[in-house]
Amino acid sequence: MDTFYVAFCTALLFYFISPGSSTCLTGCSCTNDSVGRSLLCMETSMGHIPEDIPDDFTKIRIENSHLTELPRGSFSKLSALEFLWLNFNDITLMNIKSLEGLWNLTELRLQGNKLSSVPWTAFQDTPKLKILDLKHNRLDVLPEHALRHLPGLTYLDLSFNQLSVISKDVFINWPLYQTAEKAWGKEGLVSNVVLALHDNPWLCDCRLKGFVEFIRAVSPPIILMNSYLMCSGPTSKAGKFFHEIQLKTCMKPVASAPDMNVTLPLGANATLTCLVKARPAPTIQWMYSLKIIRGFTATETHVDEETVESQLVIPSFHLADRGHYTCTANNFIGNSSVAILVNIKSLNSSAPVPPPIPMLSSDENVYIDIRIAKQTVYGITLEWYAATANPAETWFTIHFGKYDSPKKEMIYIGPGINSYSVSDLLPVTKYEVCVTLKNHPPREGQCIVFVTGSDISELEQRERLIHIIVIVCAMVLAVPAGMYACTTEARFSCIERCTDLWKKRRWHEENLPEMERQDTFDSLHAASDEGLCRDSGEERIKRRRSEDKCKGGNAAQLY
């Protein structure tokens, strides 16, 4: 009797501590069949993968349950799992270790989610996977070695995604294709692999040449579910099937110009023409004296399938506009450029033409008010107002770069443009940006100096937009009487004062209630903050001494 009692208690205890063969998740149903135990969750609002899924399931189906991601080790305790269906959720992110522990998984279905990319190395943890269904997602790239860790796959569905360009090497490098092709060729064995690639926006240019040829010649072991793959672009090939088109090999750009020497009278509208032959279509930029030109009128016209005509229009040609204009074309193979020399037609042949860089004139006293109009997480937007007689004909130059860098990026801003955005700023870096009249070198008083903050959390950046933490010093093109910013000493004393003031202000804000200081830095602009660099009486005396040095011709230059 005692032996029976002990056995009964042991069985009862085992029943209660075993990961419940009779337990099931709330809102789901569980069944047992010849395949094993199954979990079915349909149209629930769980939102995430439950952590308490019993580990004896061989099949899990969670659909229409608002899942948004597959975190690391989502099913790591379910080593017996063979079938995993997660269709019609909102999954946008798949961790590289989300399939960890699923050594026996043979079928994974992720149809109807929002995946724009897949960590293909995640399939190292699923060596037995045979079926992978990814249709109706947002995949736009298939890396060359995407299928490296799927040697046993017999069904791959990538239909109804956003794939536009793909290399044939994706499949040539597939271990299954290599081994099955050898077996089929030598022994007459057929190892069919079903592949679905239809209903993707294929861009049928030279980049797809190898893939198109591969699809046209595909044979067992690969069978296409739908062999009628269709082109979505370019326009000349849209709506055509792969078997109807012939694609050429990609070609590096070749740039040329019908007229490489242009002579124009003052005030005329200049139109420069550049012809580029390339496959695929190139990106074309115009540069003047190795500076990218912005705010100008540029048009592109496709002459034929592989030739693009680009025209640059320079309105109201001035002396400062003379020089070499370079048309540069790029595609993924390489680049090419052609230079066009633009001269001015002299009305009096005996009179010498002035030098290309204009001498400083009365224009140098034009007052320009520049400010940082907007701060974003990784950039700023500059705005300026110029009190000029002909604002519609005034060109400006932006000088931008790290503060201690001897060379700054120079961008030409065309007439009528009074703003410019700088993005991709690095954290904890001091920058300097200057605005000058076209071809004038920057001088003291023409620049804004600012320092970017530390790389704080993404959430805080989105909410507060305080990546730019210090904006200091002068921000006018011409230095009005009474202002500082002449010598190097004056410049750096200002920076030190502004930094100290900013620290005090920051300390004060951090001790204010959250709602009271919410928009402090969003509204901090150097151009409007008169108190930011306010001088004491003693400092004003030092400033006057600095101004005297300027008048004596000893002003420190920026470069």
Side-chain angles (χ1 to χ4, degrees), residues 140-144 162-170 172 197 200-217 229-262 270-314 323-342 409-412 414 423-424:
D140 56 3
V141 174
L142 203 61
E144 185 174 321
Q162 297 299 315
L163 298 171
S164 58
V165 177
I166 187 175
S167 170
K168 68 175 181 179
D169 293 336
V170 172
I172 299 299
L197 293 167
N200 279 283
W202 300 113
L203 183 60
C204 296
D205 62 19
C206 66
R207 290 169 291 181
L208 210 62
K209 182 178 185 294
F211 178 64
V212 168
E213 293 173 350
F214 173 78
I215 292 299
R216 282 206 297 254
L229 301 188
M230 182 182 292
C231 302
S232 293
T235 304
S236 60
K237 293 182 174 60
K240 294 184 178 181
F241 294 111
F242 278 21
H243 64 269
E244 297 176 327
I245 60 172
Q246 292 292 331
L247 298 177
K248 298 180 180 180
T249 304
C250 291
M251 180 178 70
K252 176 184 174 181
V254 177
S256 62
D259 191 352
M260 300 179 64
N261 287 280
V262 177
T271 301
L272 310 182
T273 301
C274 170
L275 294 173
V276 179
K277 292 177 69 68
R279 291 191 298 266
T283 299
I284 300 176
Q285 285 185 326
W286 285 89
M287 306 181 76
Y288 173 57
S289 297
L290 301 181
K291 309 169 188 68
I292 298 176
I293 307 173
R294 303 184 192 276
F296 60 102
T297 302
T299 59
E300 290 184 9
T301 305
H302 286 267
V303 178
D304 55 43
E305 190 174 334
E306 57 188 39
T307 306
V308 180
E309 180 186 73
S310 178
Q311 289 190 323
L312 175 72
V313 177
I314 305 175
H324 285 92
Y325 288 78
T326 303
C327 169
T328 302
N330 296 272
N331 65 14
F332 78 98
I333 299 179
N335 61 76
S336 176
S337 62
V338 60
I340 302 175
L341 177 62
V342 181
E409 179 184 359
M410 300 173 67
I411 305 100
Y412 277 170
S423 59
D424 298 326

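None of the values given here were measured: they were computed from a predicted structure.
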Exercise for review: Compute whether any side-chain donor of one residue and acceptor of the other, for Glu144 and Ser167, lie under 3.5 angstrom apart.
Suggested key: no
Review point. Measuring from Ile166:CD1 to Trp202:CH2, what's the distance to the nearest 0.5 Å?
Key: 4.5 Å
Practice item. Ignoring hydrogens and angles, tell me if any N or O in the side chain of Arg279 forms a donor-acceptor pair with the backbone of Thr249 under 3.5 Å. Key: yes
Practice item. Could you walk me through whether Val254 and Leu275 pass side chain to side chain contact (heavy atoms under 4.5 Å, CB included), step by step? Key: CA-CA 8 Å; Val254 177; Leu275 294 173; over 6 Å; no
Review point. Among Asn261, Asp259, Val262, whose side chain to side chain contact (heavy atoms under 4.5 Å, CB included) with Ile340 holds?
Key: Val262
**Study point:** Trace of the side chain to side chain contact (heavy atoms under 4.5 Å, CB included) decision for Glu309 with Cys274
**Key:** CA-CA 6 Å; Glu309 180 186 73; Cys274 170; over 6 Å; no
Check your understanding: Any side-chain donor-acceptor pair under 3.5 Å between Ser310 and Trp286?
Key -> yes
Review point. So, does Ser336 use its side chain to make a donor-acceptor pair with the main chain of Ala255 at under 3.5 Å?
Key: yes
Exercise for review: Could you label the plane-to-plane angle of the Tyr325 and Tyr288 rings as parallel, tilted or perpendicular, counting under 30° as parallel and over 60° as perpendicular?
Suggested key: parallel
**Study point:** Sidechain-backbone polar pair: Asn330 side chain, Pro253 backbone, donor-acceptor under 3.5 Å
**Key:** no
Check your understanding: Going from CE on Met230 to CD on Glu244, what distance comes out if it is rounded to the nearest 0.5 angstrom?
Key -> 8.0 Å
Exercise for review: Supply the atom-to-atom distance Ser337 OG to Gln285 CD, rounded to the nearest 0.5 angstrom.
Suggested key: 11.5 Å
Practice item. Give the intermediate values and the outcome of side chain to side chain contact (heavy atoms under 4.5 Å, CB included) for residues Leu247 and Leu208. Key: CA-CA 8 Å; Leu247 298 177; Leu208 210 62; 4.3 Å; yes
Practice item. Heavy atoms only: give me the nearest Asn331-Met251 pair and the separation to one decimal. Key: ND2-O, 3.0 Å
Revision key, fill the gap. Minimal heavy-atom distance between Lys248 and Glu306, with the atoms involved, is NZ-OE1, 4.0 Å
Review point. What closest approach, in Å, do Pro280 and Phe332 show between heavy atoms, and which atom pair accounts for it?
Key: CD-CE2, 3.4 Å
Review point. Between the side chain of Asp304 and the main-chain N/O of Thr307, is any donor-acceptor distance below 3.5 Å?
Key: yes
Practice item. Apply side-chain hydrogen bond (donor to acceptor under 3.5 Å, both in side chains) to Gln311 and Thr273, showing your working. Key: CA-CA 5 Å; Gln311 289 190 323; Thr273 301; 3.2 Å; yes
Review point. Would Ile284 and Val308 count as a side chain to side chain contact (heavy atoms under 4.5 Å, CB included) if you check the C-alpha gap in whole Å, the side-chain angles of each, and the deciding distance to 0.1 Å?
Key: CA-CA 9 Å; Ile284 300 176; Val308 180; 3.9 Å; yes
Review point. To the nearest 0.5 Å, how far apart are CE in Met260 and CG in Leu341?
Key: 9.5 Å
Exercise for review: Measure the OG1-CD1 distance between Thr297 and Ile314 for me, rounded to the nearest 0.5 Å.
Suggested key: 10.0 Å
Exercise for review: For Glu305, look at atom CD and say whether over 12 heavy atoms of other residues, nucleotides or ligands are found less than 6.0 Å away.
Suggested key: no
Check your understanding: How about Lys168: does its NZ atom have over 12 heavy atoms from other parts shown lying under 6.0 Å from it?
Key -> no
Practice item. Would you check if the side chain of Asn200 reaches a backbone N or O of Leu163 as a donor-acceptor pair within less than 3.5 Å? Key: yes
Review point. Roughly how far, to the nearest 0.5 Å, is CZ of Arg216 from CD1 of Ile245?
Key: 6.5 Å
**Study point:** Beyond-backbone contact of Ile172 with Phe214, side-chain heavy atoms, under 4.5 angstrom
**Key:** yes
Check your understanding: Got a donor-acceptor contact below 3.5 angstrom from the Glu213 side chain to the Gly210 backbone?
Key -> no
